[in-house]
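Structure first, then comments.
Computation of the quantities below employed the complete heavy-atom set of this structure, encompassing side-chain atoms and omitting hydrogens, waters and symmetry-equivalent molecules.
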Amino acid sequence: MNASTPTRLTFRLAQSGDFDAVVKLSDGIYDGQDYLPLTFHKWLQRDNLVVLLAYSGDKLVGLTACFVVDEGRTFIRRAERILAELRGQGLVRQLREYARKYVREHYPSVQRERFTTSADLVSSVDQRKLLELDIFSCHVQKKFYGEVEMSRTNSVEIEIRSRKYFSKVILSGPVKGHLFPDNIIVLNWCPFEPTRSNIDHILQESDGVFVEKCPDHVSPKSLSFGTFLPCVKFAEWLSVVYTKDPVLFQAHLLHQLKRACEVIDGNFIFISFQDKDLTPLVRKVMGEPLQLNEYDCFSKKTL
């Protein structure tokens, strides 16, 4: 094949036996912070998620996953990748076109495609921005756990809440409009509508739903999610806080960091998604008194 001949791809669903080829395809992605090798088998067991493989001849050259949510109205595109030496040849366009064709045929109620990406990779073609968040990340070493007592700096008590509370109080009451004014929850890099129909999908991507402590008859003014995400090089903890109140935001941020230290046995990357107005506060809290260094792979980027 010469350079002027376009590569035509063929496609099929991924199977468990494709694991080694998927790991090879993903080698070096995200500077070692790739999650797919450690979630691949779990994804194959999910009813509303399919992993599609792209081949050039008998060689695996691309992959994408389609995650159907929002009562079947939305498919979320995630984990997209093309073999490094073949990037820039239009193969990703073929991959996306096939994914849309597959979704139309197998999920006829789907009306739209959504995904998250960093702002520097955004194309304006056929896309509308739903939400924009800053990304902050820092490297947390295991020795840090015993050196800093984070509860001393936390003036607000944060508590985990049940599935029932999340469904009846957060997703069904007027508080939903205050916490999610853009009608979007971003969790584990996935955009969901904050509806009760999505509760299983949301909780499947999260290690807990947290609010500030308040009486049962009082609606919370803040909410956060934490997600433990094993990766090839380091584990990650993804934190997203929904509140405009700086005091409540800081309390959730510190609680998520404390929670991550309790769950993860070893070094990890702590990643926070937040409104850009709160990014200076994140840097201040993580810098002093915690003295955590930013991790350049994600920091200073916009989601």
- Task: Evaluate the side chain to side chain donor-acceptor pair (under 3.5 Å) criterion for residues Gln274 and Ser272: first the C-alpha distance (whole Å), next the side-chain angles of each, then the deciding distance (0.1 Å), finally the verdict.
- Result: CA-CA 6 Å; Gln274 68 281 328; Ser272 170; 2.6 Å; yes
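- A distance of 7.0 Å separates CG in Leu229 from OG1 in Thr39, rounded to the nearest 0.5 Å.
- Using a 4.5 Å cut-off between side-chain heavy atoms of Ile, Leu, Val, Met, Phe, Trp and Tyr, with links allowed through other members, Leu53 and Leu44 fall into the same hydrophobic cluster.
- Counting only distance, with no hydrogens or angles, the side chain of Ser224 and the backbone of Val240 share no donor-acceptor pair below 3.5 Å.
- Put simply, the residue from Asn188, Thr227, Asn198 that forms a side chain to side chain donor-acceptor pair (under 3.5 Å) with Glu205 is Asn188.
- In this structure, Asp18 contributes its side chain and Gln15 its backbone to a donor-acceptor pair below 3.5 Å.
- Side-chain atoms of Glu236 and Tyr35, non-hydrogen and from C-beta on, never get closer than 4.5 Å to each other.
- When the side chains of ILVMFWY residues are joined at heavy-atom separations under 4.5 Å, either directly or via intervening members, Val22 and Leu13 end up in a single hydrophobic cluster.
- Here the closest heavy-atom approach between residue Gly226 and residue Ser206 is recorded as O-OG, 3.4 Å.
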- Item | Full working for salt bridge (Lys or Arg N to Asp or Glu O under 4.0 Å) between Arg78 and Glu113 | CA-CA 11 Å; Arg78 59 196 304 193; Glu113 171 188 356; over 6 Å; no
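- Counting heavy atoms from C-beta on, the side chains of Pro220 and Ile170 come closer than 4.5 Å.
- In this structure, the separation between CD on Glu159 and CD on Glu157 is 6.5 Å, given to the nearest 0.5 Å.
- For the pair Val50/Tyr107, a side-chain contact is recorded, criterion being any heavy-atom separation below 4.5 Å from C-beta on.
- A chain of hydrophobic side-chain contacts below 4.5 Å, direct or via other Ile, Leu, Val, Met, Phe, Trp or Tyr residues, connects Leu253 to Val263.
- Residues Leu91 and Leu9 are in side-chain contact: their nearest non-hydrogen atoms beyond the backbone lie under 4.5 Å apart.
- Atom-to-atom distance recorded for Asp134:CG and Leu303:CG is 9.5 Å, nearest 0.5 angstrom.
- Side-chain atoms of Ser109 come within 3.5 Å of backbone atoms of Gly72 as a donor-acceptor pair (strictly under, hydrogens ignored).
- The distance from atom CG of Leu130 to atom CD1 of Ile184, rounded to the nearest 0.5 Å, is 5.0 Å.
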- Query: Can you check side-chain contact (heavy atoms from CB on, under 4.5 Å) on Phe75 and Arg114, steps first, answer last?
  - Reply: CA-CA 6 Å; Phe75 92 86; Arg114 288 181 172 174; over 6 Å; no
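- With contacts defined as side-chain heavy-atom distances shorter than 4.5 Å, the pair Arg46/Gln204 qualifies.
- Although no hydrogens or angles enter the test, the distance criterion places no donor-acceptor pair under 3.5 Å between the side chain of Ser137 and the main chain of Phe270.
- Here the closest non-hydrogen pair linking Ser26 and Arg81 is OG-NH1, 2.8 Å.
- Ring centroid separation for the pair His139 and Phe234 comes in under the 6.0 Å cut-off.
- For Arg161 and Tyr165, the positive end sits near the middle of the six-membered ring, less than 6.0 Å away and at most 45° from its axis.
- Within a 6.0 Å radius of CZ in Arg93, other residues, nucleotides and ligands contribute 12 heavy atoms or fewer.
- By the 4.5 Å heavy-atom criterion applied to side chains, Phe67 and Asn48 are counted as neighbours.
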- Run the numbers on Gln111 and Thr74 for side chain to side chain donor-acceptor pair (under 3.5 Å), then give the verdict. CA-CA 6 Å; Gln111 303 168 6; Thr74 305; over 6 Å; no
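- Between Ile271 and Phe136 there is no side-chain heavy-atom pair separated by less than 4.5 Å.
- Taking every heavy atom of both residues into account, Leu83 and Lys59 meet most closely at CD2-CE, 3.6 Å.
- Panel note: side chain His106, backbone Tyr102; a donor-acceptor pair is recorded below 3.5 Å.
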- Task: Report the C-alpha distance between Val282 and Met286 in whole Å, list the side-chain angles of each, state the deciding distance to 0.1 Å, and finish with yes or no for side-chain contact (heavy atoms from CB on, under 4.5 Å).
- Result: CA-CA 6 Å; Val282 179; Met286 295 302 185; 4.2 Å; yes
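- Formation of a donor-acceptor pair under 3.5 Å by the Asp245 side chain with backbone atoms of Val247 is found in this model.
- Following chains of ILVMFWY side-chain contacts shorter than 4.5 Å, one cannot reach Val232 starting from Leu25, and the two form parts of different hydrophobic clusters.
- At least one donor-acceptor pair under 3.5 Å links the side chain of Asp207 to the backbone N or O of Phe228.
- Between Thr302 and Glu132, the side chains place no donor N or O within less than 3.5 Å of an acceptor N or O (distance only, hydrogens not considered).
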- Task: Show the numbers, then the answer: is there a side chain to side chain donor-acceptor pair (under 3.5 Å) between Thr64 and Arg77?
- Result: CA-CA 7 Å; Thr64 193; Arg77 192 177 80 225; 5.0 Å; no
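- A pairwise comparison of heavy atoms in Ala65 and Leu49 identifies CB-CD2, 4.3 Å as the closest pair.
- A cation-pi geometry, defined here as NZ or CZ lying under 6.0 Å from the six-membered ring centre and within 45° of its normal, does not hold between Arg196 and Phe166.
- In this structure, Phe180 and Tyr242 have perpendicular ring planes: the angle between them is above 60°, well past the 30° mark.
- Note that CZ of Phe249 and CG of Asp275 are 9.0 Å apart. Values are rounded to the nearest 0.5 Å.
- With Arg73 contributing its side chain and Asp70 its backbone, the two residues share a donor-acceptor pair below 3.5 Å.
- Of all heavy-atom pairs spanning Cys261 and Val140, the tightest one is SG-CG1, 4.5 Å.
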- Task: Would you check, one step at a time, whether the test salt bridge (Lys or Arg N to Asp or Glu O under 4.0 Å) holds for Lys233 with Asp34?
- Result: CA-CA 8 Å; Lys233 187 175 180 181; Asp34 188 22; over 6 Å; no
- What's the verdict on salt bridge (Lys or Arg N to Asp or Glu O under 4.0 Å) for Arg96 and Glu80, showing C-alpha distance, side-chain angles and the deciding distance? CA-CA 9 Å; Arg96 292 175 183 175; Glu80 184 178 83; 2.8 Å; yes
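- Ala251 approaches Val156 most closely through the heavy-atom pair CB-CB, 3.7 Å.
- With rounding to the nearest 0.5 Å, the separation of NZ in Lys301 from OG1 in Thr117 is 9.0 Å.
- Here Phe210 and His252 keep their ring centres 6.0 angstrom or further from each other.
- Following chains of ILVMFWY side-chain contacts shorter than 4.5 Å, one can reach Val103 starting from Val92, so the two form part of one hydrophobic cluster.
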- Could you go through the side-chain contact (heavy atoms from CB on, under 4.5 Å) check for Leu52 and Cys66 one step at a time? CA-CA 8 Å; Leu52 301 174; Cys66 302; 4.1 Å; yes
- Item | Intermediate values then yes/no, salt bridge (Lys or Arg N to Asp or Glu O under 4.0 Å), Glu97 and Lys101 | CA-CA 6 Å; Glu97 288 174 355; Lys101 177 176 180 290; over 6 Å; no
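- You'll find the side chain of Leu36 reaches within 4.5 Å of the side chain of Trp43, heavy atoms only.
- Remark: side-chain polar atoms of Glu212 are not paired, donor with acceptor, to backbone N or O of Leu248 under 3.5 angstrom.
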